[in-house]
Each structure stands twice: as C-alpha cells, then as structure tokens.
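Order of listing sets the numbers, starting from 1, for every ligand and every atom in it. Worth saying up front: this structure is predicted, and the values here are computed from it rather than measured.
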Amino acid sequence: MKTGERANFGSKIGIVLASAGSAVGLGNIWRFPCETGENGGAAFLLVYLLCVLMLGVPIMIAEFLIGRHSHANTALAYKILSPGTPWRWVGRMGVLAGFLILSYYAVVAGWTLDYTVQAVANRFNVMAASDSTGQVFTEYFARFVADPWWPVAYLALFLLMTHLVIVKGVEKGIERSSKILMPVLFLILVVLVFCSLSMPGAAAGMEFLLKPDFSKVDSQVVLSAMGQAFFSMSLGMGCLCTYASYFRSDANLAKTALSVGLIDTCVAVMAGLIIFPAVFSVASLTPEAGPSLVFIALPNIFQAAFGGVPVLAYLFSVMFYVLLVLASLTSTISLHEVVTAYLSETYHLSRAKAARLVTAGCLVLGCLCSLSMGVFKEYTVFGMNFFDLFDYVTAKLMLPLGGMLIAFFAGWVLDRRIVWGEVTNEGSIRFRGFQLFIFILKFVAPMGIGLVFLNELGLFRWL
Ligand code: PHE
C-alpha cells in the first residue's frame with residue numbers, strides 16, 4: 001500500500017496531540033486512581049512509573065515504527081513486515097483487544113455522559129444541599145449503575161458519537177478535536193489539583209499517594225501496575241501502531257513517544273492528586289472503592305471546593321465532566337479506529353460499513369458489561385462479573401502479552417536497518433541511546449513481562 005492512498009495527520013503537533021488524545025482518557029482519570037487505591041498507593045505508583053519508563057516508552061516507539069514503516073493497519077503491518085509468518089496474529093490479537101476494551105470502556109464513558117447531564121441540570125448542587133455528608137453521591141452512583149436502562153442508553157449514545165467521528169475520517173475528526181481539547185483539559189486539571197489540596201484530608205491523601213510502603217509490593221501490584229501502564233499509554237494492541245501509519249515521514253518517533261508518555265503520566269498523577277485528598281476527606285469513601293471511586297469522589301470535590309459559591313461549583317463540574325467526556329471520546333475513537341481500519345482494509349469494506357459493524361458489536365458486548373453491574377450481577381466467571389472480566393483479560397493479560405510480543409518483534413525479528421531508519425528518519429535526526437533501546441526491546445521488555453506472567457501463573461515465584 002502506498003503512502004499516498006492513505007489519509008495522513010496534517011501536522012507534527014497534531015500527531016502528538018492525537019496520540020496523547022488516545023492515551024489520555026478514562027485510563028488516567030478513572031482507572032489509574034482506582035488501581036492505585038486498590039493496590040496500596042505510593043508503592044504502586046512507583047512500580048507504575050518504572051513500567052512507563054522501562055517498558056512503555058520503548059514499546060511505544062516500537063509500535064510507532066512498525067506502523068509508520070508499513071503504512072497499514074496493525075494486523076496488515078505484520079503481514080507486510082514479516083510475510084507468511086504467525087506474527088500477523090499479534091496484530092489480530094490487538095484488534096480483538098481493542099474491540100473488547102471499547103466494549104467496556106464505552107460503558108464507563110456512558111457514565112460520564114450521565115454525570116455531565118446531572119451537572120448541567122444542577123442536580124449535584126441540589127443533592128449536596130439535601131445531605132452534607134456526601135453519602136448522597138455514593139447512593140446515587142450505586143443506584144445509577146445498577147439501573148437496567150439509563151447506563152445502556154448512555155452507552156449507546158457514546159458509541160454513536162464515536163461512530164460519527166470515525167466516519168468523518170482521520171484528519172478532520174480525530175486531529176482537529178484533539179488539538180483544542182487536550183490543552184483545556186490540562187488547565188482544568190491544574191485548577192482541580194489546587195482545589196483538592198485545600199481539602200481537610202489532603203495530607204493523608206498525599207501520604208497515601210507519595211509515601212511508599214514496599215512491603216505492599218507483591219505480584220498482583222506489579223501485574224496491575226504493568227497492565228495500567230499499557231492501558232493508559234494505549235499500548236500492546238496496535239492502537240498507536242495504527243495511528244503511526246498516518247504519520248508523516250518527518251515525524252520524530254522517539255520524541256513523540258516521550259512527549260506522549262510524559263503528558264499521559266502527568267495527567268494520571270494529577271488525577272491521583274485530585275482524587276486521594278478528597279477520598280480521605282469524605283467519610284463514606286475508602287481508597288479501595290474500585291470503579292466507583294472517581295465517580296463518588298468528584299462531586300464531593302466540587303462541593304468541598306466551591307460549595308460555598310454554588311455558581312462556581314456548577315461551572316466547574318459542568319466543564320470538568322464535558323472535558324472528561326471529550327477525553328474519553330478521543331480514546332474511544334482510537335480504539336474504534338483500530339478495529340475499523342482492520343475490517344475495512346482486510347475485507348475491503350467501506351469505512352462506513354466497517355464502522356457500523358464495530359459499533360453494533362461493541363453495543364452488544366457493552367450492554368452485557370453494563371448489565372453485569374445490575375440485573376446480571378449473579379453471572380460471574382472466575383469470581384468476576386463481565387465488566388471486571390473484560391477489564392482483567394484485556395488490561396492484565398492481552399495488553400502486556402501484546403507489548404511483550406511487539407518488543408520481541410522489533411528487537412529480534414525486524415531488520416535492524418528498518419528500525420534504525422525509522423527512529424532516525426533515514427539518518428536525518430539523531431537518536432541517542434539506540435543500543436539501550438534495542439537492549440530493552442530484546443531483553444528487558446520480553447523477559448520482564450514474561451517473568452511477571454510466570455509469577456502470576458505460579459510457575460516461577462519471585463515475589
Ligand atoms: N489509553 C486510553 C485511556 O487511558 C485507553 C486506551 C487503551 C485507548 C488502549 C486505546 C487503546 O483512557
């Protein structure tokens with residue numbers, strides 16, 4: 001496939017922002033605090049940062065170079081780079097992972113839509129006025145997610161929004177929206193960090209997030225941190241590989257990966273700084289609250305910070321939820337794009353038709369996940385409901401496995417000249433630390449991830 005036949009991102013900054021738009025989303029603002037809370041706080045954060053640096057950034061560069069060199073969707077990329085080998089299954093597994101992630105991710109994204117509507121209708125202020133303990137928000141969340149209709153309706157609406165952007169195409173839809181939304185989101189997060197730090201539980205929250213207790217690091221913590229790093233950076237499933245296939249030839253892959261990693265990590269840490277002070281300030285919340293954590297903590301933060309001036313509480317909560325919706329949207333778009341590009345290029349379908357199939361499929365699976373919080377609560381697999389199962393299988397198994405294979409592919413299988421050519425743009429830019437980069441791809445990433453898996457399976461205990 002020639003470059004000219006495919007759409008391209010228009011500008012370098014557009015490339016960084018679109019990739020960051022994929023990376024920054026519910027993974028940072030909802031999943032990161034949730035995982036940090038369940039895995040003991042600061043020790044988890046430390047392992048997470050290590051994973052981002054040692055695995056995340058190098059594997060992101062690997063995905064970028066695979067995508068840009070092949071100019072194809074992720075499954076086709078391996079076919080082009082290593083024809084006739086089973087490597088194409090790595091791409092296919094990524095497409096499947098993307099499909100599964102989108103299905104349950106859109107459920108949570110749907111919740112953010114409801115919270116936006118509630119914020120716009122001023123319901124949070126009214127709820128807060130009826131009960132100063134914050135218990136109302138806990139009850140509201142529990143009631144809402146267990147409802148058989150509303151979460152499903154919002155899930156459908158969110159998938160529809162994603163669908164419409166995807167059908168519009170790469171540059172107009174994805175790039176333009178990311179360029180405006182990302183900086184605004186960042187600004188509002190900064191304001192919220194300051195608000196949250198002024199809450200009564202701020203000191204305890206900060207200690208939880210920043211004072212590591214290494215006795216808490218066990219195999220679960222390491223696997224969770226690794227999975228979270230992959231999930232948050234959109235790695236291990238060919239998402240950034242697909243985006244990179246739209247990159248121009250003068251994009252600096254290493255620099256882009258570093259910027260995206262940095263932006264993504266900053267947003268996650270800021271979300272932690274926002275959520276944990278609030279968690280320790282609200283009697284009805286504990287850090288282990290799981291998926292409900294952010295949804296209960298946030299309305300409390302707005303009330304605590306601006307409750308005295310309801311107009312401000314109103315404005316800030318509306319703005320925040322709108323941005324959360326948009327941040328989720330740039331991520332669901334990237335997930336959808338992986339599957340749509342695969343279907344349309346492999347089976348020669350029009351983009352619109354491929355997109356319709358993806359949206360419909362995700363709607364069915366998404367309903368299953370959504371209802372597993374309520375009417376389907378009793379149905380569990382390995383003790384997990386469908387929602388948790390989807391999350392576990394994708395984030396803790398498929399993404400790290402995908403990341404491991406991608407690193408192995410770029411380190412051992414791909415011609416070194418291709419790797420060098422891509423990261424240096426055929427020698428026109430410098431890439432310091434090339435040997436280290438290759439060493440990580442060849443040994444550190446595959447062995448590190450492999451050991452965590454072996455440990456998890458109980459085959460080789462070192463933690
Ligand atoms: N990284 C996204 C987030 O943090 C989620 C995502 C995962 C997107 C995998 C694409 C691929 O919200």
Quick check: does [X] get an N/O under 3.5 Å from an N/O on ligand 1?
| X | answer |
| --- | --- |
| Ser22 | yes |
| Asn28 | yes |
| Phe231 | yes |
| Ala23 | yes |
| Met233 | no |
| Leu26 | yes |

Taking only non-hydrogen atoms of Gly27 and a 4.0 Å limit, the atoms of ligand 1 in range are 3 (C), 4 (O), 12 (O)
> Ser232 heavy atoms, cut-off 4.0 Å: which ligand 1 atoms fall inside?
Replying inline: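 Here the atoms of ligand 1 in question are 1 (N), 4 (O).
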among protein heavy atoms, the one nearest atom 8 (C) of ligand 1 is Ser234 OG, 3.3 Å
Problem set entry | Ion pair check, Glu345 and Arg351, cut-off under 4.0 Å | no
- Does a salt bridge link Glu38 with Arg31, judged by any charged N lying under 4.0 Å from a carboxylate O? no
Under a heavy-atom criterion of less than 4.0 Å, does Tyr105 contact ligand 1? yes
Practice problem: Taking Ser259 for its side chain and Lys255 for its backbone only, find out whether a donor-acceptor pair lies under 3.5 Å. | Solution: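 Here the side-chain-to-backbone pair exists.
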*Under 3.5 Å, is there a donor-acceptor pair between the side chain of Gln228 and the main chain of Gly27?*
yes
Item checked: 4.5 Å side-chain heavy-atom contact, Trp87 and Phe409 ->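 Counting from C-beta outward, Trp87 and Phe409 do come under 4.5 Å.
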Within the 4.0 Å heavy-atom cut-off, what Met237 brings close to ligand 1 is side chain
Distance alone, cut at 3.5 Å: any donor-acceptor contact between the side chains of Asp114 and Tyr140?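 Yes.
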>> I'd like to know if the side chain of Glu337 pairs up with that of Tyr246 as donor and acceptor (distance under 3.5 Å, no hydrogens or angles considered).
In response: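 The answer is yes; a qualifying pair exists.
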SG (Cys241) and CD1 (Ile66) are apart, to the nearest 0.5 Å, by 5.5 Å
